[in-house]
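Just below is one structure, and these are the notes that go with it.
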Amino acid sequence: MVALNGEIPPAPKDKAEAEFYEQRGIIILDEYSAFLGSVFFRVLEAGQYQMRLNESILRSYCQRYELDFIDTYEMFSPMLTSLNKTLSKKIKDGL
């Protein structure tokens with residue numbers, strides 16, 4: 001896999017190296033976590049004052065990849081809350 005900037009992301013060889021990357025803010029996702037992350041960003045849409053999940057698109061992904069909708073929604077909900085808190089703080093601080 002190649003990142004958008006053309007670089008190949010690091011692949012830790014052991015747990016110590018993975019911790020080294022994490023301490024520097026580089027998170028290495030397994031394939032399933034990376035897939036779920038991509039789904040999360042694909043189902044986001046802008047609401048009037050905050051981001052929200054497009055439930056119909058999320059349902060389509062869940063049906064297509066045989067994911068439980070409720071479990072997936074519950075997993076994405078705290079991520080969405082965190083995103084909206086961060087956006088709200090940036091807006092409040094004047095970007």
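Note that the structure is a prediction, hence the values are computed from the model and not measured.
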Practice task
Please indicate whether Arg24 has more than 12 foreign heavy atoms, meaning atoms of other residues, nucleotides or ligands, lying under 6.0 Å from its CZ.
Solution key: yes
Practice task
Spell out, as yes or no, whether a donor-acceptor pair under 3.5 Å connects the side chain of Thr72 to the backbone of Asp68.
Solution key: yes
Handout entry: Member of Val43, Leu67, Leu44 meeting the side-chain contact (heavy atoms from CB on, under 4.5 Å) criterion with Leu58
Key = Val43
Completion exercise
Rounding to 0.5 Å, atoms OG (Ser77) and CD1 (Ile70) come to a distance of 11.0 Å
Handout entry: Lys92 NZ to Leu87 CG distance, which is reported to the nearest 0.5 Å
Key = 14.5 Å
Exercise for the section: To the nearest 0.5 Å, tell me how far Tyr49 OH sits from Ile91 CD1. Expected result: 11.0 Å
Practice task
Kindly give the heavy-atom pair with the smallest separation between Met51 and Leu80, and that separation in Å.
Solution key: O-CD1, 3.6 Å
Problem - Close side-chain approach of Val39 to Tyr65, heavy-atom, < 4.5 Å - result: no
Completion exercise
Value for CG (Leu83) from CZ (Phe76), rounded to nearest 0.5 Å, stands at 12.5 Å
Practice task
Say whether, by atom type as modelled, one donor and one acceptor occur between the side chain of Ser88 and the main chain of Asn84 under 3.5 angstrom.
Solution key: no
Fill in the blank from the handout: Taken to the nearest 0.5 Å, the spacing of Lys85 NZ from Gln50 CD works out to 11.5 Å
Fill in the blank from the handout: Between Ser38 and Phe35, the two heavy atoms sitting closest are OG-O, 2.7 Å
Problem - Glu45, CD atom: more than 12 neighbouring heavy atoms under 6.0 Å - result: yes
Problem - Contact check, side chains of Asp71 and Glu74, non-hydrogen atoms, under 4.5 Å - result: yes
Practice task
Could you pull out all residues at least two apart from Met75 that satisfy side chain to side chain contact (heavy atoms under 4.5 Å, CB included)?
Solution key: Leu36
Problem - Partner set under side chain to side chain contact (heavy atoms under 4.5 Å, CB included) for Glu55, not counting sequence neighbours - result: Arg59, Phe69, Tyr73
